[in-house]
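First comes the structure, then the notes that go with it.
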Amino acid sequence: MPLYESQVLRIYNSLTGKKEIFKPINEGHVGMYVCGPTVYSNVHLGNCRTFMSFDMIFRYLRHLGYKVRYVRNITDAGHLVDDAEDGEDKIAKKARIEKLEPMEVVQRYTLDFHNILEKFNFLPPSIEPTATGHIIEQIEIIKDILAKGYAYEVNGSVYFDVATFNKDHEYGKLSGRKLEDMVANTRELAAQDEKRNPQDFALWKKAEPQHIMRWPSPWGDGFPGWHLECTAMSTKYLGETFDIHGGGMDLKFPHHECEIAQAEASYGQPPVKYWMHANMLTLNGKKMAKSTGNNILPGEIFTGENDILSKAFAPSVVRFFMMQAHYTSILDLSNDALLASEKGFNRLMDAYNALKNLNTGTTSDFNVNEWKQKCYDAMNDDFNTPILIAHLFDAVKHINLIKEGKEQITEVDKTLLLEALNSFVFDILGLEQNAGTSQDTEKLSQVVQLLIDMRKEARDNKDFATSDKIRDQLAEMGIQLKDGKDGTTFSIQ
RNA sequence: GGCAUCGUGGCCGAGUGGCUAGGCACAGCUCUGCAAAAGCUUGUACAGCGGUUCGAAUCCGCUCGAUGCCUCCA
């Protein structure tokens, strides 16, 4: 029996503003689409947080026994930059500045994106489609929307007619906006605009002669509007209605609102059952922005080459830090917060490693089954990873008490606990131990064990000068010795 | 200016009507040759002002502040 039959998962649905019991459209199968990055620069740390939230969600759904098709696109057709003078897009602009082909820019930053995600221990999505690979599908949708009267063509461009759509549909239902309010708040001076109304958005945009990324279409050479690719690719791989659509909060409006409009105009039904939005990441209490210098790249955190943090932090520590907050909350990254997370993370890993070598007894002072269900309850409540981690530290406490001989655990419970920790810590949260290559690690531990034995001899002979030298110099190298009831263990920082 | 999310103890961060979240830091204690590690104990916080209620961090209103989106543009 799959786990999802005994665990009741609730998801906060941005569309309804409520936590709802998750029930997939096709039993046992889940279709999930997440808006991916535009690959015109190094991946933004805030973007990583969003994708990490959905990576965790993907992992938990799989753990529950669902067969998940997870689609996360790559936006490689640059969209117009806001300060463009003549319709230049982000990728084309970058290409011009760096004297590259647009697709060289795309390739470079796609590789960077994958490289960073791999360091963070992301699971690859089931399908990672590109916008430029689905131009034909996008053109077909435009034809369909035009035929149904929800779009119009002007000078080789096609625009979505929001006012007409709003007559028999509800534009703005996801973001809580009303078309009347938006019209009322729009200034009058929308001159020289081809659009009938300012709220209308482009489905197809005519390419000016200097525009590099261009494709032929029934309306002339051009390129697709930026909301359309997600509608085309989600429909192609997940169907006209699918289970989960995710993305960052910043995409709620207008991007996701427009996706709903396109899909409803074309297919006549809402495309998504559960909308999920991950919240933003701030840096030292302020939004991250390259312009103000309040910005840090993931790679700069891993190497420590930055002016914001006091040291380098491992990807798993950053991941643990992010998992300590709920995905719907704004999270603030700072040096103090990362230092605190690093210590907590190490304590969790130390306890996990200690568990394997624990002596077992005839009874258990720790109700592992009850604890395990509490962990599931936390995850079932809209993927509440902070609560899960609080429970994990409850287990840490018991492991340490058992280690000290103050509590005991049976062999059966020990195995159960180890399996559960494996599931929650590694499979679901996606954390990793910071180990080197296994061969080197093995040799290092033999060397340290030798030093531990020598220190013990010195201590037995009351030669504390020697024993302290071993202990203190190892500490300087980041190897900490820990004296316990059954001898000395060590951990590498 | 509009829409949305939010404002919790030294720091980070859960919690939506009454019962200890958790992590980190700090202090005391146990252990130790001294430490570290580990364990135990202690912290009565919820932006401000009103209101609803027997009772609110949790519901309602206002004010202030933060973040995102919109107000020119896809």
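Within every chain, numbering begins at 1; the chains are lettered A, B, ... in the order of the sequence lines, protein sequences first and strands thereafter.
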Considering only the [atom1] atoms, how many Å lie between [N] and [M], rounded to the nearest integer?
N: B:U58; M: B:G51; atom1: C1'; answer: 15 Å
N: B:C12; M: B:C46; atom1: C1'; answer: 15 Å
N: B:U8; M: B:C59; atom1: P; answer: 15 Å
N: B:G22; M: B:G15; atom1: P; answer: 14 Å
N: B:C19; M: B:G10; atom1: C1'; answer: 27 Å
N: B:A57; M: B:G7; atom1: C1'; answer: 11 Å
N: B:G33; M: B:C40; atom1: C1'; answer: 24 Å
N: B:U42; M: B:C29; atom1: P; answer: 16 Å

For [N], does the base pair up with any side-chain atom of [X] as donor and acceptor (N or O, under 3.5 Å, distance only)?
X: A:R459; N: B:G33; result: yes
X: A:R471; N: B:C34; result: yes
X: A:D483; N: B:A35; result: yes
X: A:R177; N: B:C69; result: yes
X: A:D463; N: B:G33; result: no

- May I ask you to say whether A:R177 pairs ionically with A:E257, meaning some side-chain N is under 4.0 Å from a carboxylate O? no
- Interatomic distance, A:L355 atom CG to A:H398 atom NE2 [nearest 0.5 angstrom]: 13.0 Å
- To the nearest 0.5 Å, atom CD1 of A:I139 lies from atom CH2 of A:W204 at 4.0 Å
Would you mind reading off the distance between [X] atom [atom1] and [N] atom [atom2], rounded to a whole angstrom?
X: A:M280; N: B:C69; atom1: CE; atom2: C1'; result: 9 Å
X: A:D394; N: B:A38; atom1: CG; atom2: C1'; result: 16 Å
X: A:H255; N: B:C69; atom1: NE2; atom2: P; result: 14 Å
X: A:K178; N: B:G1; atom1: NZ; atom2: C1'; result: 18 Å
X: A:L331; N: B:C12; atom1: CG; atom2: C1'; result: 8 Å
X: A:L15; N: B:A4; atom1: CG; atom2: P; result: 15 Å

Where the side chain of [X] is concerned, which of [options] is the nearest nucleotide?
X: A:W226; options: B:C24, B:A74, B:U16; value: B:A74
X: A:D336; options: B:C69, B:C11, B:G33; value: B:C11
X: A:D250; options: B:G68, B:G39, B:C70; value: B:G68

Grab the two heavy atoms, one from [X] and one from [Y], that are nearest each other, plus how far apart they are.
X: A:R319; Y: A:F120; value: NH1-O, 2.8 Å
X: A:L417; Y: A:A395; value: CD1-CB, 4.3 Å
X: A:P386; Y: A:A325; value: CG-C, 3.5 Å

What is the nucleic acid contact for [X], judged by heavy atoms within less than 4.0 Å: base, sugar-phosphate only, or nothing?
X: A:K397; result: sugar-phosphate
X: A:S467; result: base
X: A:D472; result: nothing
X: A:H326; result: sugar-phosphate

- Message: Please check if the number of heavy atoms outside A:K482 that lie under 6.0 Å from its NZ is greater than 12.
- Response: yes
- Message: salt bridge (Lys or Arg N to Asp or Glu O under 4.0 Å) for A:K173 and A:E170? Distances and angles first, verdict last.
- Response: CA-CA 6 Å; A:K173 62 183 173 186; A:E170 192 187 346; 5.6 Å; no
- Message: With nearest nucleotide decided by heavy atoms, which residue, A:N384 or A:Q480, maps closer to the 5′ end of RNA chain B?
- Response: A:N384
- Message: Is the base of B:G33 stacked against the aromatic ring of A:F464, taking ring centres under 5.5 Å apart and planes under 30° as the test?
- Response: yes
- Query: Under the salt bridge (Lys or Arg N to Asp or Glu O under 4.0 Å) criterion, do A:D221 and A:K206 qualify, and how do the steps go?
  - Reply: CA-CA 6 Å; A:D221 277 10; A:K206 180 184 177 179; over 6 Å; no
- How does RNA chain B look in dot-bracket notation if pairs are Watson-Crick or G-U with both distances under 3.5 Å, crossing ones as [ ], other-strand ones as |? (((((((..(((.....[...)))..((((.......)))).....(((((..]....))))))))))))....
